[in-house]
Protein chains: 2
Amino acid sequence: MVKITDVAKKAGVSVATVSRVINRRGNVRKSTEQKVLEAIKELNYIPNFSARSLKTEKTLTIGMIVPDITNPFFPIVFRGAESVVKQEDYTIILCNTFEDEYEEMRYLSILEAKKVDGILLIKAPGRSGNEQYMEKLNTLPIPIVYLDRLPKLQDIPAVVADNIGGGYAATTHLLKLGHRKIAIITVQYPLTVHLERLQGYVNSLRDHNISINKSYIKKGIPTIEEGISLGHSLLSMKDRPTAIFVTNHKMTIGIMRALEIAALECPKDISVVGYDDFDWESVFHPRLTVVAQPAYQMGETAAWLLIKILRDGVDDLPNKKVILSPELKIRESCGIYCQSKSKLKMP
Amino acid sequence: MVKITDVAKKAGVSVATVSRVINRRGNVRKSTEQKVLEAIKELNYIPNFSARSLKTEKTLTIGMIVPDITNPFFPIVFRGAESVVKQEDYTIILCNTFEDEYEEMRYLSILEAKKVDGILLIKAPGRSGNEQYMEKLNTLPIPIVYLDRLPKLQDIPAVVADNIGGGYAATTHLLKLGHRKIAIITVQYPLTVHLERLQGYVNSLRDHNISINKSYIKKGIPTIEEGISLGHSLLSMKDRPTAIFVTNHKMTIGIMRALEIAALECPKDISVVGYDDFDWESVFHPRLTVVAQPAYQMGETAAWLLIKILRDGVDDLPNKKVILSPELKIRESCGIYCQSKSKLKMP
DNA sequence: ATGAAAGCGCTAACAT
DNA sequence: ATGTTAGCGCTTTCAT
């Protein structure tokens, strides 16, 4: 391995000078800089990050903790974050927690040991009995920007989507189509995103003077299988809903499967609004009407925020929390409900 | 920051002893070990990886370079790799190249500087005029395991899928259904995977004595838009194919879109076989018949191979290249072609 | 079983 | 503008 002393020797200068040209510290004559650059190229010298980090306390790497990179929402967020972070020569350690807070804690310790400069954290659902973990999070010596999911902490840097607004938009759309029996399928984890989407649903119903039917509110874990079984329970009700709002992508797939099994057509027999917008959803049938989140932008913004904090500190941040707006994409999975004829029509 | 000397002081031992217990080097009396462990816990000591790496030349991190994490195939591979790598306490730096070899080169230099212990490389397509890069790759001081896409190098550690077999299976399936006018849409990049899938298509046609119609072979870039336009050109032919095999997921979405625009139904009017199997494909319509790759297993296997190399070196590896088999998942996007009646029927 | 001490490759304060 | 040198926190050899 070639090191800085080798370069210095070859160029006929001291290591300090070499270091200066590597780090563009200035105070180097043009001609000596040239010599050094040549030596570097000839020897194929690459500075050793570990050594540099030991001294500077900077690693130029940030950690990103995601619940499930297999959920297509997160790769988009990742790319958004990477696109801004790479401009500052940062690199990302990606950690998958499988929605397990203990796994998250484990990764956090590792990231702390590896001295990443900052962390982009999309939290796993909190475990009861694990509350002291939040304190630890709050006092971690590494800057954290929370992404998508907001923990119960005051005044922390975070980038989230307006989930209440998303839930409200979805429900209101269904209401305007004439639906009155609107169910919601959401995730049982104590996660802000799902709680808020439910809140948006409730708000919309309230605002439109529709009473809330608790049996229309179903919660479960975010898997296809759960979507199927929750779908079944909804579809087999006597007073079956005419529309379903699903706040999770995988459960939406499950619902669609449940509809098929029950030989129900969407949107003819029942309307569905999903969450998150992926490329195939606008092509395959039924084309899903969904609340689309600005995933890429969320990643970008969070990364940008983190870098800003890394540079200037947290304290003089005007607003620590930024909220991005989702967008309702109206496609074909919702039909008009005509009360008089007691059936559904296409819009 | 609490460091090893602090722990030593608190426990009343030397730093050497602390280091021994941390690294489980043995030769420490049970009682002293206990003291050290307590000190570590009380002080909340976390060893500094940078310092350790500087000394040991190991970073316990590996780099993974992927062309596009937004392609749902790669997150699955990532998870597979992570699942084995984490058992050995490695962490993964994920790098997205956007299918750009220059971007890949840039990341490779960074990974080299950061002294990752090994690299999982899913190559971007090679650029002409950039051939000397392969030499550099070959002499990199960091072990590389190639994944999915095989570069033109001899005898390198690699984990790939049997793409010839995949292309053969897809084409043969169509043939058995009675199709004779089978088109293929594939990716124009010089990538083994697509070249081989095309080869499988050709082989199958040859083996069944069907002459190859060059105008049925379309190549383009792997995007939805390109799928649409290539689809158009195929569908507007006088002698339009009765079946299309698409070797890329995004282009498959594009094809389905093109079918809709042309008011053609799948599988009634035309059959389609795609590549890669994602959860929604078995629910939304038309349910795609696809060649499913063992993505997770590919990630696992590659990571396992890399770790083995990290431990034992490359040289005494029995077989450096492992080939995993894909599986044809037959669903509903292919119909039977009845030549006599000159139309398609469902199977 | 334990400790003292020499580096690992680099940066930066200080000297010139 | 350039050089000398003291660490950064850790592992490991060599004594004891």
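Chain identifiers are assigned alphabetically (A, B, ...) following the order of the sequence lines, protein sequences preceding nucleic acid strands; residue numbering begins at 1 within each chain.
Nucleotide dT11(C) holds its P atom 14 Å from the NZ atom of K58(A), rounded to whole Å. Atom pair L54(A):CG and dA12(C):P shows a separation of 12 Å (rounding to whole Å applied). The nearest whole Å value for the distance from the NZ atom in K9(B) to the C1' atom in dG9(D) is 13 Å. Atom CD1 of I40(B) and atom P of dC10(D) are 10 Å apart (whole Å). Distance, N48(A) CG to dT11(C) C1': 13 Å, rounded to whole Å. I46(A) places its CD1 atom 11 Å from the P atom of dC10(C), with the value rounded to the nearest Å. Atom CD of E33(A) and atom P of dA1(D) are 11 Å apart (whole Å). Put simply, CG on D6(A) is 13 Å from C1' on dC10(C), counting in whole angstrom units.
Side-chain atoms of Y90(B) and T59(B) form no donor-acceptor pair, as typed in the model, at a separation below 3.5 Å.
Contact check, N27(A) against dT2(D): no side-chain N or O comes under 4.0 Å of OP1 or OP2. Side-chain N/O atoms of R52(B) include one lying less than 4.0 angstrom from OP1 or OP2 on dT11(D). Between dT2(C) and T32(B), a contact under 4.0 Å exists linking OP1 or OP2 to a side-chain N or O. OP1 or OP2 of dG3(D) lies within a sub-4.0 Å distance of a side-chain N or O belonging to T17(A). K3(B) has a side-chain polar atom (N or O) that falls below the 4.0 Å cut-off from OP1 or OP2 of dG9(D). When the side-chain nitrogen and oxygen atoms of R20(A) are compared with OP1 and OP2 of dT2(D), none of them lie within a distance under 4.0 Å.
As judged by a 4.0 angstrom heavy-atom cut-off over every strand, V15(A) is placed among the base-contacting residues. At a threshold of 4.0 angstrom between heavy atoms, the contacts of F49(A) with the nucleic acid are absent. Within 4.0 Å of S19(B), counting heavy atoms only, lies at least one base atom of the nucleic acid.
If you check dG7(D), dT2(C), dA12(C) against the side chain of K55(A), the one that comes closest is dG7(D). Closest to the side chain of V28(B), out of dA12(C), dA6(C), dT2(C), is dT2(C). Of all nucleotides listed (dA13(C), dT12(D), dC10(C)), dA13(C) comes nearest to the side chain of A16(A).
Each of I22(A) and G12(B) lies near DNA chain C, and the nucleotide nearest G12(B) is the one positioned closer to the 5' end.
Between R79(A) and E300(A) there is no salt bridge, since no side-chain N of the basic residue sits under 4.0 Å from a carboxylate O of the acidic one. Between E103(B) and R106(B) there is a salt bridge, with a side-chain nitrogen of the basic residue lying less than 4.0 Å from a carboxylate oxygen of the acidic one. Residues K123(A) and E104(A) are paired through a salt bridge, judged by an N-O separation under 4.0 Å between the basic side chain and the carboxylate. Using a 4.0 Å cut-off between a side-chain N of Lys or Arg and a carboxylate O of Asp or Glu, R311(A) and E88(A) qualify as a salt bridge. R20(B) has no carboxylate O lying under 4.0 Å from a charged side-chain N of E33(B), or vice versa, which leaves the two without a salt bridge.
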